[in-house]
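Since the structure comes first, as C-alpha cells, the remarks are kept for the end.
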Amino acid sequence: MSLRFYNTLTQQVDDFVPADGKTVRMYVCGPTVYNFAHIGNLRTFTFQDILRRWIRARGFETLHVMNITDVDDKIIRSAMQQNVTLEAVTRPFETAFLEDIASLRIQRPEKLVRATEHIPEMVSLIEGLAAKGMTYESDGSIYYRISKFPDYGKLSHNDFGGMIAGARVDVDEYDKENARDFVLWKQKKEGEPSWPTSIGDGRPGWHIECSAMAMKYLGETLDIHAGGIDLTFPHHENEIAQSEGVTGKPFARFWIHAEHLAVDGGKMSKSLGNFYTLRDLVGIGHTPEAVRYLLAAVPYRNKLNFTMDGLKAAALSIERLRNFELRLKTDRFAEGVNDDIAKRAADAFAQFEAAMDDDLNTANALGAVFEFVRETNTIMDAGGFKAGNVDAAMKLLARMDVVFDVLKPTLAEDSLEDSAVDELVAARNAAKKARNFALADSLRAELLDKGIVLEDTKEGTRWKRK
RNA sequence: GGUGCGGUAGCCAAGUGGUAAGGCCAGGGUCUGCAAAACCCUUAUUCGUCGGUUCGAUCCCGACCCGCACCUCCA
C-alpha cells in the first residue's frame, strides 16, 4: 500500500505523492515566540517531525519551511510592558524554542523564516489582492473581502454563505463589511512597531505572513500544509482565501492537522497549574526522549491525554526497546539462522511500514515492534535465536528509530565515559571473583549513582545507562 | 445552534463483518553471593446504550446517552 494521509480538505485519507514525484514541499505553522513552547505546542511539532521523517524514510526529499512569528499582538504587548524592542522579546524565545526542539530530537526544517523579514512579500501579496478588488480599507486598515472568495469555508467545512453582513454582526465589528472579513494590514498605532510601506505605515495581520512566506519558498501550490487542528479555522481558511485569491490555484494539496493535547483529561491552563514546558519536565527528572515517545506514540489525529503516569510509562517502554537492543548486541548466539525468527522479523518490518504508511499510525507501528520483541525474547531464552538473526532484528529497531529516535539515551553532563564504566565494571567483577562482595557492592552502588545499571547475566556483566 | 473528533481491560491504545495487537500497572515465575536488572506467564466471553441488517457485528445502518475541540486569540 502506498503512503497516505488524512486530508482535512477532502475529509478522507488520500494517497500521497508529491506533485513532482520527488520533493515534498511542506509548510508548517511554527511558534509565536513570546513565551516558552508548552507541551501542547511540542506535540504538534513532534507530529510534524514524525511526518517529515516518515516522508524521508519513504524515499522522498523534503523542502520543509517553518515560520517564526515574531510580530503579533501578544509580542507587542509584552514589548510595550517591558519597554523593549520586539527583538528583545522574540529572540530569546526563538533560541529557547530551537533548543527545545533540538532536545526533543525534532529535525530542523530546511528553512526557518521570520515574519518580520518578509514584510515586502506580504505587502505585494496584499497589493495583488487589492488589484483584484478583494480588499477594502476601513479606518486606515486593510481588510479581506470574503464575499469575493466563493470557496471560503471549504477547509473547515463551514457554510458561511448565509452570513449576511449585519445579520449577526457584533456591534464592535461595524468597521467590517462582513463579520468574517479579516484584517490583512493594520494601520500604525502610536507606540506600536510599524513598517513604512506602499500600502501605508502599519503592520501585518495574523494570516498574511504564512501565505507570503509559503509561496515565496515553496511556490503557489504546496504539497502539504500542516499545523495544529485549531488553526483550521480561521487561520488556514484565511490563508487559502489570501493565496488562492491571488493565484487562482490550490494553495495546498494536503492539509494535515494534529489534534490537541489535554493534560489530566482537561484543557491545559496556567491557572490550573498543569501548564508544562519541556524545561519543566526535564527539570523534574524526565528525559526528553520519554516526552518525545509519549507525544509520538499516540496517533496524531487522536487527542492525547498527557499525564505524569503516561510519561513514566513512556520511559519504561523505551527501556524495553533499549534492553532488547542491548541483548542483541551483547548476548552470544549460536551460529546459523532461525527461519522462524527471520520470518517474524520480516513480518514485523512489513507491519511497521504499513502502519506508518497508513496515516502515520504510530501506535500500530510500535505494536508490531513490541510483539516481535516479546516473541524474540522468548525464543532467545529458549536458545533458539541465532547469530544470523541479529541483523534482521537490528534492522527492525533501526527502522523504528528512524522515525521515533528514542534508542539513544540523552547523556547527562556528569556521566562517565564508556571506558571509565568498563574499568569499574571490570574492577567489580574482579572483586566478585575474589568473593569480596563488600567491594563489589560498593562499586555497583557507585556506578548506579552515576546512572549506570549493571546486569549480571549468564554470559557476564553488561551495563546500561538509566 | 453549526462543524469536527471520540467513548475498547486499572491507565494509554491498535484493530477487523467471523469472534479482541501492543505498552504501563498488578499478580505469579525464571535467574542470582545477596540484590538489582532482565526475561517469561497470567490479566476484556467483551468493545457507551438500545434497536436493525446479517448465518454471524466491537467493526455496517438508525436512534439515544456521555465527553472533548473549534466556531473569538490559541499547537
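Proteins come first, then strands; the chains are lettered A, B, ... in the order of their sequence lines, and each starts at number 1. What you see below is based on every heavy atom in this structure, not just the backbone, and it leaves out hydrogens, waters and symmetry mates.
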Arg374(A) CZ to C24(B) P, in whole Å, measures 11 Å

Determine the interplanar angle of the Tyr293(A) and Phe404(A) rings, folded into 0 to 90°, and report it as parallel if under 30°, tilted if 30 to 60°, perpendicular if over 60°. tilted

Separation of A69(B) atom C1' from Arg301(A) atom CZ, nearest Å, is 15 Å

P atoms of G6(B) and U45(B), separation to the nearest Å: 25 Å

Taking the six-membered ring for Trp, is the centroid-to-centroid distance between Phe254(A) and Phe16(A) below 6.0 Å? yes

> What is the nucleic acid contact for Gly228(A), judged by heavy atoms within less than 4.0 Å: base, sugar-phosphate only, or nothing?
Replying inline: sugar-phosphate

Any strand, both distances under 3.5 Å, Watson-Crick or G-U wobble: C55(B) pairs with G18(B)

Pairing partner of A26(B), by Watson-Crick or G-U wobble and under 3.5 Å for both distances, is U42(B)

* Between Arg327(A) and C39(B), does any side-chain N or O lie under 4.0 Å from OP1 or OP2? -> no

Check your understanding: Planes under 30° and centres closer than 5.5 Å, is that true for His157(A) with the base of G4(B)?
Key -> no

Quiz item: Can you tell me if the side-chain N/O atoms of Gln11(A) get under 4.0 Å from OP1 or OP2 in G4(B)?
Solution: yes

A correct 5'-to-3' footprint of nucleotides 28-35 of chain B, with B, S and - meaning base, sugar-phosphate only and no protein heavy atom under 4.0 Å, is -----BBB

Asp73(A) CG to U72(B) C1', in whole Å, measures 13 Å

Notebook entry, point to check: Any chance the rings of Phe5(A) and His257(A) have centres within less than 6.0 Å?
Noted result: no

- Task: Taking only the side-chain nitrogens and oxygens of Arg320(A), find out if one of them lies under 4.0 Å from OP1 or OP2 of C40(B).
- Result: yes

Tested for side-chain contact (heavy atoms from CB on, under 4.5 Å) against Ile39(A), the lone hit among Leu281(A), Thr46(A), Leu294(A) is Leu281(A)

In whole angstroms, the gap separating P of A36(B) from CG of Leu443(A) amounts to 19 Å

Could you check whether Leu261(A) gets within reach of a base, just the sugar-phosphate, or nothing at all, counting any heavy atom under 4.0 Å? base

Rounded to whole Å, CG of Leu155(A) lies from P of G4(B) at a distance of 12 Å

* With heavy atoms under 4.0 Å as the rule, sort His38(A) into base, sugar-phosphate or nothing. => base

Problem set entry | Tyr217(A)-Tyr27(A) aromatic ring centre distance below 6.0 Å | no

In Watson-Crick or G-U wobble terms, with both distances under 3.5 Å, the base opposite C64(B) is G48(B)

Taking a pair to mean Watson-Crick or G-U wobble geometry with both distances below 3.5 Å, A69(B) pairs with U3(B)

As its Watson-Crick or G-U partner within any shown strand, both distances under 3.5 Å, A9(B) has none

Arg180(A) CZ to G2(B) P, in whole Å, measures 15 Å

Name the pairs: protein N/O against N/O of nucleotides 10-16 of chain B, kept only if under 3.5 Å.
| residue | atom | partner | partner atom | Å |
| --- | --- | --- | --- | --- |
| A14(B) | OP1 | Asn302(A) | OD1 | 2.4 |
| A14(B) | O3' | Asn361(A) | ND2 | 2.9 |
| G15(B) | OP1 | Asn361(A) | ND2 | 2.6 |

